[in-house]
Amino acid sequence: MLRYARRVSVRVRFAPSPTGFLHVGSARAALYNWLLARHAGGTFVLRIEDTDEARDREEWVTAIDESLRWIGLDWDERYRQSERVELHAAAAEKLVASGLTYWCDCTREEVDARAKERGGPPGYDGHCRDLGKEAGPDVALRFRTPDQGETVVPDVVRGEPSFPNSTIEDFVVVRSTGKVMFVLANVVDDIDMAITHVIRGEEHLPTTPKYLLLWQALGGGAVPVFAHLPVIVNEKRQKLSKRRDPVALELYRDEGYLSEVMLNYLALLGWSPSDGRERLTLDEMVQEFRLEDVGKSPGFFDVAKLRAFNGDTIRALSVEAFTERAQPWLTGPFAPWSADLYDPDVFAAMAPLVQERVALLSEIPAMIDFLLVDEVTIDDGDWEKAVKPEGITKLLDEVIASWAEVPWEHVPDEREPLKDSLFEIGERLGLNKKRTQAPVRVAVTGRSVGPPLFESLVVLGRERALARLRAARARL
RNA sequence: GGCCCCAUCGUCUAGAGGCCUAGGACACCACCCUCUCAAGGUGGCGACACGGGUUCGAAUCCCGUUGGGGCUGCCA
């Protein structure tokens, strides 16, 4: 019955261990599993492999759930491997009964010492293989691997890598503490959950022969289809690591990357639709995803490209959607100002101008902060550069006088009194437009770059604008 | 060291023997637009790692070399 079920429906699993935030590499593995499940109308199983007491933490379990939810990967079934230890233990007993294992009390030091002595490759030498040792404290259970033949991994992306059985050492399946090891637990759960496709990182490929040997020993039936995904690397072409690379998914969320962009980018790191398109919606990815189209070579996690995608996507948002997505940086946890300072009308007036200029949502505050705070902080470097040309004092004096009178409005291509008066003064003083606007911009916004000046001035209001111009004038 | 994997522009890739004087995207450069910055427009730079085969014909198939990577735990 199980066998039949396996034929008709795809069942995949994502099996993270809660030892840290969700890693971009793991997220991609989760995504590919999820895409296949959704594409095939199958089942996506989330299996938290929380059997490492030393490293697991409950908060990481929550963090993984949250990260998956953030990118919108929903699961159909969810298990905790820690709740299944009896099943694993039963499987271990079955192995003992089958005679395919033996007990071993060699310590790591002894194994290493013997390897060094014989000068051969490191690893276990089968020392206790025929010693008939009994179970007991400090005794581990090893699986006796075949000496002859080879084990072939049926892999959709890699073909059929084969491993000489003679190079597979007799590996530990049950620790001396009685705890079942990762591979065994993995196999037991995959058999029990009727997993049809194992999609995971390439780093698992070398242990897959052990997986297969155990699967066979336990009589698991038809083995799953494997898909070992190419590793994701940094600029030095090394596998992304928690220690040296920014890999936590939530790091990107907090920087203001859009979840759909993250998903799109991750999907493209190792897969592309047959026509090579890059910008895909989730639905399109589900529709077009095929395991057979997954590439073999490692992919560089290119933040510059991610960022470009993000900017494109932000710009394509409706103003309403943009405003909605921006909330965490406006009124939420990432807003740099106190709640009472924030004015939704100010943002509404600036939103379209801001939207075109940010690639990350986290860049929003710096685009509008000068409109919310009472006093701007002038960037000294920007100020020095802006007031360098001759005649700036005169310029500011005249602008202050003129703008005290001029209609305070700016309608592009129609009524632009602020703009007209400013550049009229600048021209009279022999300053080009760039140099004319620079000191005014820095005086009013605090920086030499930002949203369009005249629109900003209208939002700021005449009084505050003039006050800032006078304050700047006083600096000269 | 051993086992395994990988190899098209700087990066991600399209390419499944002739459609390839190798296409796209990001990055970079130049110009245009322009109140700054973006955005947008136009153009440019730029790759089949190397050597042997197979074939009328190879980026595409085979072998080797070189280079890169992964694994090598009584972690998962």
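These numbers come from a predicted model, not from an experiment. Numbered from 1 within each chain, the chains take letters A, B, ... in sequence-line order.
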Next on the checklist: Taking the C1' atom in each of B:U66 and B:C75, what is the distance between them to the nearest angstrom?
Outcome noted: 35 Å

Next on the checklist: Run A:H228 and A:R200 through side chain to side chain donor-acceptor pair (under 3.5 Å) and show every step you take.
Outcome noted: CA-CA 5 Å; A:H228 285 100; A:R200 39 144 58 161; 3.2 Å; yes

Checklist entry - Under 3.5 Å, is there an N or O donor on one side and an acceptor on the other linking the side chain of A:K296 and the base of B:A7? => result no

Checklist entry - So does A:S297 reach the base of B:C6 with its side chain, donor to acceptor, closer than 3.5 Å? => result no

Checklist entry - Considering only side-chain heavy atoms of A:E278, which listed nucleotide, B:G10, B:A25, B:C4, is closest? => result B:A25

Checklist entry - Are A:R108 and B:C74 close enough that a side-chain N or O sits under 4.0 Å from OP1 or OP2? => result yes

Checklist entry - For atom C1', what is the distance between B:A7 and B:U60, given to the nearest Å? => result 14 Å

Next on the checklist: Can you tell me which nucleotide in B:C35, B:C3, B:C74 comes closest to the side chain of A:F454?
Outcome noted: B:C35

Checklist entry - Quantified in whole Å, what is the C1' atom distance between nucleotide B:C48 and nucleotide B:A14? => result 13 Å

Item to check | Sugar-phosphate, base or nothing in reach of A:P122, heavy atoms under 4.0 Å | outcome: base

Checklist outcome for this item: The nucleotide from B:C26, B:C37, B:U11 with an atom nearest the side chain of A:A304 is B:C26

Checklist entry - How far does the P atom of B:G44 sit from the matching atom of B:C26, given to the nearest Å? => result 16 Å

Checklist entry - Step by step, would you call A:S166 with A:D147 a side chain to side chain donor-acceptor pair (under 3.5 Å)? => result CA-CA 5 Å; A:S166 58; A:D147 301 322; over 6 Å; no

Checklist entry - Taking the same atom, P, in B:A25 and in B:C45, what whole-Å distance lies between them? => result 15 Å

Next on the checklist: I'd like to know if the side chain of A:E49 pairs up with that of A:N186 as donor and acceptor (distance under 3.5 Å, no hydrogens or angles considered).
Outcome noted: yes

Next on the checklist: Students often get this wrong, so: under 4.0 angstrom with heavy atoms, is A:S176 touching a base, only sugar-phosphate, or nothing?
Outcome noted: base

Item to check | Gap in Å between the two P atoms, one belonging to B:C5 and one to B:C63, rounded | outcome: 12 Å

Checklist entry - Base, sugar-phosphate, or nothing: which does A:R447 touch, judged by heavy atoms less than 4.0 Å apart? => result nothing

Checklist entry - Does A:R144 reach the side chain of A:Y102, with side-chain heavy atoms less than 4.5 Å apart? => result yes

Checklist entry - With both distances under 3.5 Å as the test, what is the Watson-Crick or G-U wobble partner of B:A7? => result B:U66

Checklist entry - Ignoring hydrogens and angles, does a donor from either the side chain of A:R55 or the base of B:C75 sit under 3.5 Å from an acceptor on the other? => result yes

Next on the checklist: Just to be sure I understand the rule, does A:T107 reach a base, reach only the sugar-phosphate, or reach nothing, if contact means heavy atoms closer than 4.0 Å?
Outcome noted: nothing

Item to check | Sugar-phosphate, base or nothing in reach of A:E150, heavy atoms under 4.0 Å | outcome: nothing

Next on the checklist: One pair to check against side chain to side chain donor-acceptor pair (under 3.5 Å): A:R468 and A:T445. What are the steps and the verdict?
Outcome noted: CA-CA 9 Å; A:R468 289 180 190 186; A:T445 72; over 6 Å; no

Checklist outcome for this item: Winner on side-chain proximity to A:T167, out of B:C3, B:C37, B:A76, is B:C3

Next on the checklist: Between B:A27 and B:G70, how far apart are the two P atoms, rounded to whole Å?
Outcome noted: 28 Å

Item to check | Candidates A:T167, A:T151, A:D170, A:N165 - the one meeting side chain to side chain donor-acceptor pair (under 3.5 Å) with A:T145 | outcome: A:D170

Checklist entry - Looking at B:C35, does its base get a donor-acceptor pair with the side chain of A:R441 below 3.5 Å? => result yes

Checklist entry - Expressed in whole Å, how much space separates the C1' atoms belonging to B:C62 and B:U54? => result 7 Å

